[in-house]
Amino acid sequence: MTGLPTRNVDTRWVVTAGFGLVVALTYVLFSTPPAPAYEMSIYEAYPWYFWGMAMVALLIGHYAVVEHVLQDRSGDSTWRLGLLLILVVEALLLLLPYFRGYPVYGRGDVLTHVGQVISIQATGMAGQENIYPSVHFLVLSFSYATGVEPLHLINAIGVVVSLFSMVASFALVASVYDRTRALLSLPFVTLLVGGTAHVNPSPYPQSVLLIPFVLFLFFKEQQTRSTAVRVALVLTVTALVVYHPLTTLFFLFVLGVYVVARYVHDRGILVERDAGWRSAVGATPVAHLAVGAFAAWYLGFSQVTKKIQTVVQTLVASESGTSTLDSYSSTVTETSPELIDVLRIALVNYGTSAILLTLAGLYTLWAVVTILRNRSDLSAYRTTFIGGFALFTGLTIPFLVADLVVGFGRPLMFGRLFAALLAGSLFYALYRATESKRTVRVGIYVVLAGLVVISTFGLYYSPYAIQNNHQVTESELDGAEWTLAFRDSGNPTTQYGINLRRFRDALYGTTGYTKDEVIPASTTRGPPAHFNYTEHDTLGDSYDTDRYMVLTRNGRIFYEEMYPNYREFWRFEDEDFQRLERDRTVSHVYTNGGYDTYLVRTTDDE
């Protein structure tokens, strides 16, 4: 690629400034006090200039890489410092829950996974109900090595896997692309394209983040025919299967796409410059390994077979449950949100996907046009990326419009992954084909700036995306422990702002009890709106039996923080909580500042 006819800027000084921003970011992180209580948004915990410096530093890293290509600086290694800068800044962003002093980040599945780690630690085995223990053994191994409790360590797994995934993604494009195309792809594959998956140390997101490494080994084996690489491929595929069943299914789809891509190239339907790639270990043996491991591991778990049965019944039945699309449509119809709010939510939740899928779609269109003009030089691996992008983007539709147990975000994450692998190729093709080099250059930076901003503000759950922060507080852990230890199990427990079963898992492990032994399913709906003060004088009038009620700061500030402009839809307001304290049927039995347990006495006996 020919360099641009423009005034050169010494990239080294720019990168040096980027690392200066890292020093400033680190100072802000250590000088900002940890969260004193539950906070609805981690983005509000730091000043605006912190986020500005983080995004500018990321863009500087991308600038160093892109300029290395566009200015044809083949003898300069500054791009490596740019890559290091990107990884350092992203590591700081991923570590924010630790800087904020959160005991753990994750209020749902993450707490249960902590409990499963504790159970393994106590019993020495995974147990019959532990479907995917890979993350649990990984956390436990790090816990033994560092002496840190699993509760405080589990979020570090997401940091390590995310950074490893980015490095593996670059290794993947470097192994199958020429140097120029690989470097233009680098800024896109090192973005936080997984969104909240990067800070969710649960099996599915973590297993998907390992896909670039599996593909790297798969293609590397074909290049080198190395026994060591083959062994690593077998071990990695087996580990991937045990991570999550859905990831295994989607990985088999990827292998199927590769088989089709190899077929069309072998038949001469598509021209391939590197057709010499060949290996005794192709897609079929790897697929056999994955299917065999899947059958051996998962078919013995009733949870998996029941979910498979549910999906099949949904596909063949004339009616199904509420789909994601139905849920979205119903919410919009009922609340009539402002257009600006809809656009903000869509941008934060799906902006990264929209940009990457658009770039990959344009490159796919470009590839089709070049094929029709008999000038295609697609290779089997790039055809595989295009096929994977098309397949998983298309799969989001049935997952969106039908109730298929899991949401459409599962296949969409695969679609984003393949789109990121293709995005750089679009600018590579445009740069080579057009005379307006400056326009392509500007386009790259505009797109990267948009992706950096959106991916940064889509990394953590926040009111920007109508999601409450997944922070767990010490007061919630202490309060849950007290409630579980001292409550009268004969009385039902209503909860709002917390799921005591999840906290019970994290505190004591997941073995030796059933879900209903903690909080029966019939009591998980929470208290009535406004504590029914619109209908009765006391909350006790709403119940026919005495019960406990648990409230947290998360529940108290939820509507005010999440929907400040839609007060008519609030289920609870400050006046309701103030009246609760004066309610003669409600006794305050425990409080620690962020967690309250009440005893609500029915008025039926009065």
Side-chain angles (χ1 to χ4, degrees), residues 83 86-87 90-91 94 132 134-135 137-139 141-142 156-177 182 185-186 188-195 197-198 200-255 257-258 277 279 281-283 285-287 289-290 293-294 380-382 384-385 388-389 392 410 413-424:
L83 173 60
I86 294 169
L87 295 178
E90 289 179 338
L94 293 170
Y132 18 69
S134 296
V135 168
F137 281 113
L138 187 61
V139 172
S141 298
F142 278 105
I157 299 301
V159 180
V160 173
V161 173
S162 293
L163 296 178
F164 177 77
S165 178
M166 295 172 195
V167 174
S169 296
F170 178 56
L172 172 60
V173 296
S175 67
V176 298
Y177 288 163
S185 300
L186 174 58
F188 298 96
V189 299
T190 53
L191 289 165
L192 295 166
V193 297
H198 292 287
N200 181 5
S202 297
Y204 182 78
Q206 298 304 299
S207 60
V208 175
L209 291 175
L210 292 177
I211 288 294
F213 182 62
V214 178
L215 292 178
F216 166 73
L217 292 176
F218 181 65
F219 289 124
K220 196 68 175 178
E221 188 279 329
Q222 297 184 44
Q223 289 177 309
T224 64
R225 304 184 183 183
S226 166
T227 301
V229 176
R230 290 175 183 173
V231 172
L233 178 62
V234 169
L235 294 176
T236 306
V237 170
T238 304
L240 185 72
V241 172
V242 179
Y243 249 104
H244 201 279
L246 187 59
T247 308
T248 306
L249 177 62
F250 287 165
F251 176 63
L252 290 173
F253 289 171
V254 174
L255 294 178
V257 170
Y258 171 79
W277 279 27
S279 171
V281 181
V286 176
L289 171 64
F294 180 93
Y381 55 82
R382 216 176 327 144
T384 300
F385 294 162
F389 153 72
F392 289 105
R410 300 292 180 98
M413 189 174 175
F414 267 80
R416 284 199 306 270
L417 186 153
F418 282 107
L421 295 173
L422 292 170

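If you're wondering where the values come from, they're calculated on a predicted model, not measured in any experiment. Throughout, residue positions are numbered sequentially from 1 according to the sequence presented.
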Closest non-hydrogen atom pair, [X] against [Y]:
| X | Y | result |
| --- | --- | --- |
| Ala420 | Val193 | CB-CG1, 4.3 Å |
| Phe389 | Gly415 | CD1-O, 4.2 Å |
| Phe170 | Ala182 | CE1-O, 4.1 Å |
| Ser134 | Val242 | OG-CG1, 3.4 Å |

For the [atom1] atom of [X] and the [atom2] atom of [Y], what is their distance to the nearest 0.5 Å?
| X | Y | atom1 | atom2 | answer |
| --- | --- | --- | --- | --- |
| Phe385 | Leu417 | CZ | CG | 9.0 Å |
| Leu172 | Ser165 | CG | OG | 10.0 Å |
| Arg230 | Gln222 | CZ | CD | 10.0 Å |
| Thr190 | Ile86 | OG1 | CD1 | 4.0 Å |
| Glu221 | Thr227 | CD | OG1 | 9.0 Å |
| Tyr381 | Phe219 | OH | CZ | 9.0 Å |

Holding to side chain to side chain contact (heavy atoms under 4.5 Å, CB included), I want the full list of residues that pass it with [X], two or more places apart in sequence or in another chain.
| X | result |
| --- | --- |
| Ala156 | Tyr98, Leu153 |
| Leu249 | Leu246, Phe253 |
| Val167 | Leu87 |
| Ala232 | Leu217 |

Can you check whether [X] reaches [Y] side chain to side chain, under 4.5 Å on heavy atoms?
| X | Y | value |
| --- | --- | --- |
| Leu252 | Phe294 | no |
| Tyr177 | Arg382 | yes |
| Val254 | Phe392 | yes |
| Tyr258 | Leu215 | no |
| Leu138 | Tyr243 | yes |
| Val237 | Phe218 | no |

Kindly indicate, with the supporting measurements, whether the criterion side chain to side chain contact (heavy atoms under 4.5 Å, CB included) is fulfilled by Val189 and Leu421.
CA-CA 6 Å; Val189 299; Leu421 295 173; 3.8 Å; yes

What side-chain hydrogen bond (donor to acceptor under 3.5 Å, both in side chains) pairs are there with at least one residue in residues 233-242, not counting sequence neighbours?
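Sorted pair list comes back empty.
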
Give the table of side-chain donor-acceptor pairs shorter than 3.5 Å for residues 157-164, with sequence neighbours excluded, one pair per line with atom names and distance.
unit_1, atom_1, unit_2, atom_2, d
Ser162, OG, Gly158, O, 2.7
Ser162, OG, His198, O, 3.4
Ser162, OG, His198, ND1, 3.0

With a cut-off of 3.5 Å and sequence neighbours excluded, list every side-chain donor-acceptor pair involving residues 203-213.
unit_1, atom_1, unit_2, atom_2, d
Tyr204, OH, Arg410, O, 2.8
Gln206, NE2, Ala197, O, 3.4
Gln206, NE2, Asn200, O, 2.9
Ser207, OG, Pro203, O, 2.9
Ser207, OG, Tyr204, O, 2.7
Ser207, OG, Thr247, OG1, 2.6

For Phe251, what residues pass the ring-ring contact (aromatic ring centres under 6.0 Å, His included) criterion, not counting sequence neighbours?
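ring-ring contact (aromatic ring centres under 6.0 Å, His included) list for Phe251, sorted by chain: empty.
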
